[in-house]
Structure formats: structure tokens, C-alpha cells
Amino acid sequence: MTVFYGVELSSRLLLGTARYPSPKVLADAIQASGAEVVTVSLRREAGPEGSGARGGQSFWSIIRALGVRVLPNTAGCHSVKEAVTTAHMAREMFDTPWIKLEVIRDDETLQPDVFGLVEAARVLSEEGFEVFPYTTEDLAVADRLVEAGCKVLMPWGAPIGSARGLNNVYGLKALRAHFPDIPLVVDAGLGVPSHAAAAMELGYDAVLLNTAVAEAGDPVAMAKAFAMAINAGRMAFAAKPLEPRDMAVPSTPVLGKAALGD
């Protein structure tokens with residue numbers, strides 16, 4: 001069980017809702033994953049370009065029917081003003097103080113603008129939002145975000161949609177050690193279930209992913225596979241795995257071994 005802003009969740013998998021081949025596949029994947037939280041962008045809820053309000057209403061009815069908690073996000077925002085405005089619109093539309101805060105600097109890597117991110121997090125926290133910031137694994141930035149009022153941190157594993165896994169394991173481990181009491185969620189860049197298991201083995205509290213499931217050959221099966229990997233990784237972390245060693249350690253003791261004569 002993990003806790004975000006006082007809300008207890010059984011599932012440690014948060015799932016995005018974009019890029020699925022059909023609404024039915026989306027719904028089936030969410031159910032197969034066991035996810036209790038899904039991310040929704042305001043632009044996505046309004047429907048794809050040209051679909052109008054009807055597409056957005058249909059999408060929203062699917063999400064409500066699944067009974068999951070919505071985590072709106074500010075995807076596509078490139079400035080503090082744009083992110084804050086989008087957050088206010090999302091709070092009014094989805095009736096939740098939760099907001100996944102994205103302020104993007106680079107369109108090629110979708111790397112966060114960490115300066116704008118901290119500023120927007122401070123503004124939104126002061127206005128009563130419960131902020132989930134999409135950030136890097138930089139400790140100084142994480143410190144600033146916590147000072148700004150964030151009680152959850154969401155460092156990337158790799159650039160969004162890249163499927164590269166955990167690019168900086170050392171940085172992610174350092175972040176976990178530095179913030180032992182802050183819920184940490186690896187967000188973005190995971191491609192296969194083993195990436196998610198690795199994140200959980202580092203002691204992370206949850207994983208958020210979208211593309212790896214939505215664009216898989218079988219999104220429903222992949223969603224279930226990720227859920228199983230996350231559970232396995234968490235169990236492994238709780239079981240206190242062995243640390244890597246430089247030398248071999250025999251599993252069979254040498255003392256008491258029979259000495260055979262000629």
C-alpha cells in the first residue's frame with residue numbers, strides 16, 4: 001500500500017490514458033493493470049483534434065465507469081502561466097486538487113524546465129493544489145520542490161516514450177536515500193516490465209507509465225505484466241536483497257568437508 005496526500009492506494013501502478021488503439025482497449029488495459037489512478041490531460045479529455053466536445057464526453061464517461069481516481073496533468077505546457085492556468089481548468093473539470101505538474105523545456109527530449117517547475121509548484125501549492133511534479137533525478141531540484149510544498153516527487157526514468165528504462169540508476173538511488181519519507185514515483189521512459197521491477201527494487205513507491213502499455217502489441221497483456229513486475233519488485237525490496245559483491249562466496253561451507261584419501 002502507498003499513500004499520496006493522505007489517500008491510501010493498494011496498487012503501485014499509475015497508468016496514462018493516451019495513445020491507445022481504442023476506448024475498449026484502454027478500459028480493458030486499466031482493468032487488467034489493477035491501477036487505481038489514471039492520468040488525464042485536459043487536451044486529451046477534450047477529445048482529439050476535430051472530435052469536439054462529444055469525444056471528450058465519451059472518453060470521460062469511460063473513465064468514470066471504471067471507478068478510478070483521476071490525476072489530471074498539464075502535459076504540453078511550456079510556461080508557468082500556461083501550467084497554472086491548465087491546472088485551474090483541470091481542478092474545475094475533474095473536481096480534484098491533484099495535479100500532475102509538467103512544465104516542458106525541450107520538445108525533443110521533453111525534459112522538464114526545472115526552474116519553471118519549481119515556480120509553478122509553489123504557486124499551485126499555495127492555491128491548495130496537491131502537486132505531483134514531473135521532474136529529473138536532480139537532488140537540488142527535488143529539495144526546491146519539497147520546499148515549494150510538494151509531498152510527492154516524480155522523477156523520470158528516461159525521456160517520455162523512449163522505452164530506455166532507468167538511465168541514471170545512481171541518481172535515482174541517491175534520491176531515494178535523500179528523501180526516505182517522501183513518496184517517489186518513477187515517471188516516464190520505461191519500456192518493459194523488468195524496468196518497472198528495477199525501479200521498485202530501488203525502493204520507489206510506484207511507477208507511472210503510458211506508452212509502454214498503450215503502444216504494445218497487446219496493451220491488455222502488457223498492462224497485466226507491468227502490474228506483476230511492480231509487485232515482484234516491491235516484494236524483492238521488502239525482502240532486503242543481497243548487495244553486489246566483488247568476490248565469490250561459496251553457498252556450501254568448506255568446514256567439515258570430508259577429506260578423501262588416495
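The shown structure was predicted, so the numbers you read here are calculated from the model rather than taken from an experiment.
Between Leu13 and Ala35, the closest heavy-atom pair is O-CB, 3.3 Å. Listed here is the closest heavy atom pair of Leu175 and Ala142: CD1-CB, 3.7 Å. Nearest heavy-atom pair, Pro72 versus Ala90, reported as atom, atom and distance to 0.1 Å: CB-CB, 3.7 Å. Here the closest non-hydrogen pair linking Met200 and Val207 is SD-CG2, 4.0 Å. Scanning both residues, Asn73 and Thr86, for their nearest heavy atoms gives O-CG2, 4.4 Å. The two residues Ala158 and Gly165 have their closest heavy-atom pair at CB-O, 3.3 Å.
Ion pairing of Glu102 with Lys100 is present here, as a side-chain N (NZ or NE/NH1/NH2) and a carboxylate O approach within less than 4.0 Å. Classification of Asp28 and Lys224 as a salt-bridged pair fails, no side-chain N sitting under 4.0 Å from a carboxylate O. In this structure, Arg122 does not pair ionically with Glu119, as no charged nitrogen and carboxylate oxygen lie closer than 4.0 Å.
For the atom pair OG1 (Thr96) and CZ (Arg69), the distance works out to 6.0 Å, reported to the nearest 0.5 Å. Note that the OG1 atom of Thr135 and the CG atom of Leu101 stand 9.5 Å from one another [nearest 0.5 Å]. In this structure, the separation between CG on Leu153 and CD on Glu137 is 12.0 Å, given to the nearest 0.5 Å. Rounding to the nearest 0.5 angstrom, the gap separating the CG atom in Leu14 from the CG atom in Leu9 is 7.0 Å. The line from CD of Glu36 to CZ of Arg12 is 11.0 Å long, rounded to the nearest 0.5 Å. With rounding to the nearest 0.5 angstrom, the CD1 atom of Ile62 is 8.5 Å from the CD1 atom of Ile30.
A donor-acceptor pair is defined here as one N or O able to donate and one able to accept, closer than 3.5 Å; no such pair exists between the side chain of His178 and the backbone of Ala174. Panel note: side chain Asp187, backbone Gly157; no donor-acceptor pair is recorded below 3.5 Å. Side-chain atoms of Glu201 do not come within 3.5 Å of backbone N or O of Gly233 as any donor-acceptor pair. Judged by distance alone, the side chain of Arg91 and the main-chain N or O of Phe94 form no donor-acceptor pair under 3.5 Å. Ser125 places a side-chain N or O within 3.5 Å of a backbone atom of Ala148 that can act as its donor or acceptor partner. Distance alone, capped at 3.5 Å, places no donor-acceptor pair between the Thr85 side chain and the Glu82 backbone. In this structure, the side chain of Arg105 does not engage the main chain of Pro112 through any donor-acceptor pair within 3.5 Å. Side chain of Ser41 to backbone of Ala75: no donor-acceptor contact under 3.5 angstrom is found.
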Practice prompt. For the pair Val185 and Val152, evaluate side chain to side chain contact (heavy atoms under 4.5 Å, CB included) and give the outcome as yes or no after the intermediate values.
Written response: CA-CA 8 Å; Val185 182; Val152 175; 4.3 Å; yes

Worksheet entry | Step-by-step salt bridge (Lys or Arg N to Asp or Glu O under 4.0 Å) determination, Asp138 to Arg144 | CA-CA 10 Å; Asp138 188 288; Arg144 295 291 188 185; over 6 Å; no

Fill in: Derivation of the salt bridge (Lys or Arg N to Asp or Glu O under 4.0 Å) call for Arg19 and Glu215
CA-CA 7 Å; Arg19 307 180 70 88; Glu215 296 190 3; 2.4 Å; yes

Worksheet item: After noting the C-alpha distance and the side-chain angles of Thr74 and Val84, does the key distance pass the side chain to side chain contact (heavy atoms under 4.5 Å, CB included) rule?
Response: CA-CA 8 Å; Thr74 62; Val84 169; over 6 Å; no

Worksheet item: Between Val169 and Leu202, does a side chain to side chain contact (heavy atoms under 4.5 Å, CB included) hold up when you go through it step by step?
Response: CA-CA 9 Å; Val169 173; Leu202 294 178; 4.1 Å; yes

Worksheet item: How far apart are the C-alpha atoms of Val131 and Lys151, what are their side-chain angles, what is the distance that settles it, and do they pass the side chain to side chain contact (heavy atoms under 4.5 Å, CB included) test?
Response: CA-CA 7 Å; Val131 181; Lys151 296 181 180 179; over 6 Å; no

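Taking the centre of each ring, Phe129 and Trp98 stay at or above the 6.0 Å mark. Between Phe132 and Tyr5, a ring centre-to-centre spacing shorter than 6.0 Å is recorded.
Between Asn168 and Tyr170, the closest side-chain pair of non-hydrogen atoms falls below 4.5 Å. When side chains are defined from C-beta on, Phe115 does not count as touching Val80, because their heavy atoms never get closer than 4.5 Å. Looking only at side-chain heavy atoms (C-beta outward), Ile104 and Asp113 stay at 4.5 Å or farther from each other. Side-chain atoms of Val3 and Pro183, non-hydrogen and from C-beta on, never get closer than 4.5 Å to each other. Between Val70 and Ile63, some side-chain heavy-atom pair lies under the 4.5 Å cut-off. Side-chain contact between Cys77 and Val103: absent, with no pair of heavy atoms (C-beta onward) separated by less than 4.5 Å. Two residues are said to be in side-chain contact when any heavy atoms from C-beta on lie closer than 4.5 Å; Leu208 and Val186 fail this criterion. Side-chain contact between Pro159 and Glu108 is absent, with no heavy-atom pair separated by less than 4.5 Å.
Under a hydrophobic-cluster definition in which Ile, Leu, Val, Met, Phe, Trp and Tyr are linked whenever side-chain heavy atoms come within less than 4.5 Å, directly or via other members, Leu15 and Trp156 are assigned to different clusters. Note on Leu190: it clusters hydrophobically with Leu172, by side-chain heavy-atom contacts below 4.5 Å among ILVMFWY residues. Val192 and Tyr204 sit in two unconnected hydrophobic clusters of ILVMFWY residues. Membership requires side-chain heavy atoms under 4.5 Å apart, directly or through other members. When hydrophobic clusters are built by joining Ile, Leu, Val, Met, Phe, Trp and Tyr residues whose side-chain heavy atoms come closer than 4.5 Å, directly or via intermediates, Met228 is not grouped with Phe226. When the side chains of ILVMFWY residues are joined at heavy-atom separations under 4.5 Å, either directly or via intervening members, Tyr134 and Leu184 end up in two distinct hydrophobic clusters.
Gln111 and Asp106 share no donor-acceptor pair across their side chains, judged by distance under 3.5 Å alone.
More than 12 heavy atoms of other residues, nucleotides or ligands shown are found within 6.0 angstrom of CZ on Arg234.
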